[in-house]
Amino acid sequence: MSADILERATAAFEVLARLAPEHRDLVRSRGRAVEMPAGGYLFRPGDRCEGLGFVVGGSVKVSVLSESGREMVLYRVRPGESCTVTASCLVSDTPFAAQGVAEDAVTALAMPRPVFDALFEGSPVFRRFVLEIFSGRVTLLMELVHEVAFNKLDRRLGARLLELGPVVSMSHQELADELGTTREIISRILESFADAGAVSLGRRRITVVDRDRLRVP
């Protein structure tokens, strides 16, 4: 494995630096570098999980698809993070139920399943790290469930534009994927925002004009 990838991963993930010497040697000898270009799939529903990734560059979008093909984004894995779905599949020995796509070129240290199993069984430091992955994401996923179930879509879209603005370089379909709905519904809401003077619309470009009008009651 590239010494550069190991060095970058160790700098980004404190747990790797805190492993016992024999476990660090195991990661050094058995780990491998992973590079995925933008748009590439790191995993798809039904795939078997072969190891845990420690992302040091790029971003992975993790999402689920409905039978009709609609997508809902669960979360993103950025540098210094690992994927909860992947860790769950490794611990439970089940296939992926979600997909992971590189939003831009991803670089990661991959810890193969046998190394993951050995560290999960033999390293309290590493086992605590895996449990922290779960606990951190569960809070975010609960917030997502609450948002989808109880917040009006126009309020959610307005809040997302305020978060991303003042200029949002995303298509209507990408926003629909973010919010778990269809492009047509997003387009209608954006047109109503534009009619109210809250935003101006262009090709893959939404400009927030009046922040107060986006704060839907």
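Please read these numbers as outputs of a predicted model, since none were measured by experiment.
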**OP:** State whether the side chain of S63 and the backbone N or O of L74 hold a donor-acceptor pair below 3.5 Å, judged by distance alone.
**Re:** no
**OP:** Begin from the C-alpha positions of R204 and E174 and carry the test salt bridge (charged side-chain N to carboxylate O under 4.0 Å, His left out) through to its verdict.
**Re:** CA-CA 10 Å; R204 288 190 60 87; E174 288 169 335; 3.2 Å; yes
Original post:
So F129 and F54, would you call those rings parallel, tilted or perpendicular, with 30° and 60° as cut-offs?
Top reply: parallel
Original post:
Do R113 side-chain atoms and C49 backbone N/O form a donor-acceptor pair below 3.5 Å?
Top reply: yes
Subject >> R128 side, atom CZ; S135 side, atom OG - distance, nearest 0.5 Å >> reply: 12.0 Å
Subject >> CD on E184 to CD1 on I189, rounded to 0.5 Å >> reply: 12.0 Å
**OP:** In plain terms, say whether D177 and R183 are close enough for a salt bridge, that is, a side-chain N and a carboxylate O under 4.0 Å apart.
**Re:** no
**OP:** Please report the C-alpha distance between C83 and V62 in whole Å, then the side-chain angles of each, then the deciding distance to 0.1 Å, and finally whether the side-chain contact (heavy atoms from CB on, under 4.5 Å) criterion is met.
**Re:** CA-CA 8 Å; C83 176; V62 180; 4.1 Å; yes
Subject >> Check against salt bridge (charged side-chain N to carboxylate O under 4.0 Å, His left out), R188 and E191 >> reply: CA-CA 5 Å; R188 286 202 296 269; E191 287 168 5; over 6 Å; no
Original post:
Does CD belonging to E14 count more than 12 external heavy atoms closer than 6.0 Å?
Top reply: no
Original post:
Is the count of non-hydrogen atoms from other residues, nucleotides or ligands lying under 6.0 Å from R48 atom CZ greater than 12?
Top reply: yes
Subject >> Nearest-0.5 Å distance, CG of residue L119 to CG of residue L26 >> reply: 6.0 Å
Original post:
Is there a side-chain contact between L175 and I206 (heavy atoms, below 4.5 Å)?
Top reply: yes
Original post:
Given E50 and R32, is the salt bridge (charged side-chain N to carboxylate O under 4.0 Å, His left out) satisfied, shown in steps?
Top reply: CA-CA 12 Å; E50 299 302 331; R32 60 186 179 87; over 6 Å; no
Original post:
Passes side-chain contact (heavy atoms from CB on, under 4.5 Å), F193 versus L201? Steps please.
Top reply: CA-CA 9 Å; F193 285 169; L201 304 178; over 6 Å; no
Original post:
CD of E103: more than 12 outside heavy atoms within 6.0 angstrom?
Top reply: yes
